[in-house]
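Since the structure comes first, as structure tokens, the remarks are kept for the end.
In this text, all values refer to a predicted model and were calculated from it rather than measured experimentally.
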Amino acid sequence: VGGFINGSTTWTTGNVYNFTDGVTVAQGATLTIEPGVVVRVMLGKKLTIYGGLVARGTPNNPIIFTSKRLMGTPLPGDYSGIYLEDTSQDAVFDPQGNYVSGCIIEYCNIAYSIYGLISTDSKPYIARNTIHDCVAGVTLLASQADTAVRVENNEIMACFFGANIYNQGEGTVFANNLVHDCGEGIL
């Protein structure tokens, strides 16, 4: 796969999606990734979200994002990662704090990228993932005071930088994350 996703698209359980180029989800479009999908990304490529991303694995059937290195063992930095841009759909929660809609990355295993996940002025829900062997596990960048990201109950390990959090707005939650065996933990 590669190129632009301009409408609602679902990657279905039991399939492997091999990036031959970067994939960009356009504003107004949504990519849904079902449990058990394996996403293998070529060197230097990335998944960029300007619209929606619903990547919801399960505890027993996570979604796998990994390197498509053709020769040798995968390494941190093999591909660029998952980029959530400022126009991506905000995560919405009900009054009890339960996820309702918008960008979510849940029960995913993300490995061997530069940025496991990078959120730039976006408001996704990032929960219950395992992020490992990346240059930077989770990076949150915000220039707007209302940027509120929820990052909870993730395990981030064996990354050069576990979590980089810069200028987050009110309401940002970074809670109950286990960050270990990283060169730098939380910056």
Side-chain angles (χ1 to χ4, degrees), residues 1 5 8-13 15 17 19 22-25 27 29-41 45-67 79-93 97-142 147-157 159 161-165 168 171-179:
V1 295
I5 294 175
S8 293
T9 302
T10 300
W11 292 353
T12 56
T13 298
N15 287 303
Y17 294 84
F19 280 36
V23 172
T24 300
V25 178
Q27 196 170 355
T30 297
L31 172 60
T32 300
I33 306 175
E34 295 181 342
V37 165
V38 176
V39 179
R40 295 174 43 103
V41 186
K45 306 304 179 194
K46 65 182 173 180
L47 174 59
T48 305
I49 309 298
Y50 291 101
L53 175 63
V54 177
R56 295 187 87 177
T58 66
N60 295 323
N61 205 10
I63 296 165
I64 308 295
F65 290 91
T66 191
S67 168
Y79 65 101
S80 293
I82 301 169
Y83 287 62
L84 298 153
E85 300 296 344
D86 63 342
T87 59
S88 65
Q89 296 170 1
D90 295 346
V92 176
F93 302 89
N98 299 308
Y99 168 81
V100 175
S101 64
C103 283
I104 182 171
I105 301 170
E106 181 178 42
Y107 291 115
C108 294
N109 184 319
I110 301 166
Y112 305 115
S113 61
I114 295 172
Y115 295 105
L117 298 164
I118 183 168
S119 170
T120 304
D121 286 324
S122 61
K123 302 172 186 174
Y125 183 41
I126 301 167
R128 294 174 278 285
N129 300 291
T130 300
I131 302 166
H132 62 94
D133 296 295
C134 299
V135 175
V138 173
T139 300
L140 308 177
L141 305 171
T147 300
V149 182
R150 282 181 61 175
V151 180
E152 28 186 46
N153 303 306
N154 298 284
E155 183 176 17
I156 303 167
M157 61 182 168
C159 297
F161 303 98
N164 301 312
I165 304 171
Q168 285 304 300
T172 291
V173 174
F174 189 89
N176 301 317
N177 297 291
L178 177 60
V179 180

Q: Tell me, please, which residues at least two apart from E152 pass salt bridge (Lys or Arg N to Asp or Glu O under 4.0 Å).
A: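 In terms of salt bridge (Lys or Arg N to Asp or Glu O under 4.0 Å), with neighbours along the sequence ignored, E152 is linked to R150.
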Q) Considering the options V138, T130, L178, which one meets the side chain to side chain contact (heavy atoms under 4.5 Å, CB included) requirement together with I156? A)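 Result: among V138, T130, L178, V138 is the only option passing the side chain to side chain contact (heavy atoms under 4.5 Å, CB included) with I156.
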Could you give the distance from [atom1] ([X]) to [atom2] ([Y]), rounded to the nearest 0.5 Å?
{"X": "L140", "Y": "T172", "atom1": "CG", "atom2": "OG1", "answer": "7.0 Å"}
{"X": "T24", "Y": "L31", "atom1": "OG1", "atom2": "CG", "answer": "11.0 Å"}
{"X": "W11", "Y": "I5", "atom1": "CH2", "atom2": "CD1", "answer": "5.0 Å"}
{"X": "I114", "Y": "C159", "atom1": "CD1", "atom2": "SG", "answer": "12.5 Å"}
{"X": "D121", "Y": "L141", "atom1": "CG", "atom2": "CG", "answer": "8.0 Å"}
{"X": "Y125", "Y": "I105", "atom1": "OH", "atom2": "CD1", "answer": "12.5 Å"}

Q | Residues in side-chain hydrogen bond (donor to acceptor under 3.5 Å, both in side chains) contact with S8, at least two apart in sequence or another chain | A |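 Not a single residue meets the side-chain hydrogen bond (donor to acceptor under 3.5 Å, both in side chains) criterion with S8.
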Q) Do the side chains of D86 and T120 get nearer than 4.5 Å, heavy atoms only? A)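 T120 does not reach D86 side chain to side chain.
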**Q.** Validation row: Y17, V41 side chains within 4.5 angstrom (heavy atoms)
**A.**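 No; the side chains remain at least 4.5 Å from each other.
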Using atom types as modelled and distance alone, determine if a side-chain donor or acceptor of [X] lies under 3.5 Å from a backbone N or O of [Y].
{"X": "T13", "Y": "P35", "result": "yes"}
{"X": "N129", "Y": "N154", "result": "no"}
{"X": "S122", "Y": "S88", "result": "no"}

List the atom of [X], the atom of [Y], and the distance in Å for their closest heavy-atom pair.
{"X": "T139", "Y": "A136", "value": "OG1-CB, 3.7 Å"}
{"X": "L117", "Y": "I131", "value": "CD1-CD1, 4.0 Å"}
{"X": "Q89", "Y": "T30", "value": "NE2-OG1, 3.3 Å"}
{"X": "P124", "Y": "S119", "value": "CD-OG, 3.6 Å"}
{"X": "Y79", "Y": "S67", "value": "CE2-N, 3.8 Å"}
{"X": "F93", "Y": "V100", "value": "C-CG2, 3.8 Å"}

Q. Is it the case that more than 12 heavy atoms not belonging to Y115 sit under 6.0 Å from its OH atom?
A.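 12 or below, so no.
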Q. Would one find more than 12 heavy atoms of other residues, nucleotides or ligands at under 6.0 Å from atom CZ of F161?
A.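 Open: at most 12 neighbouring heavy atoms sit under 6.0 Å from CZ of F161.
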Could you pull out every donor-acceptor pair under 3.5 Å between side chains of residues 48-61 and any protein atom, sequence neighbours left out?
| from | atom 1 | to | atom 2 | distance (Å) |
| --- | --- | --- | --- | --- |
| R56 | NE | E106 | OE1 | 2.9 |
| R56 | NH2 | E106 | OE1 | 3.0 |
| T58 | OG1 | N61 | N | 2.9 |

Q. Is it true that the NZ or CZ of K46 lies under 6.0 Å from the centre of Y83's six-membered ring and within 45 degrees of the ring axis?
A.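 Yes; both conditions hold, so K46 lies above the ring face of Y83.
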Q. Between I33 and F65, is a side-chain contact (heavy atoms from CB on, under 4.5 Å) present by the stated rule, with each step listed?
A. CA-CA 11 Å; I33 306 175; F65 290 91; 3.8 Å; yes
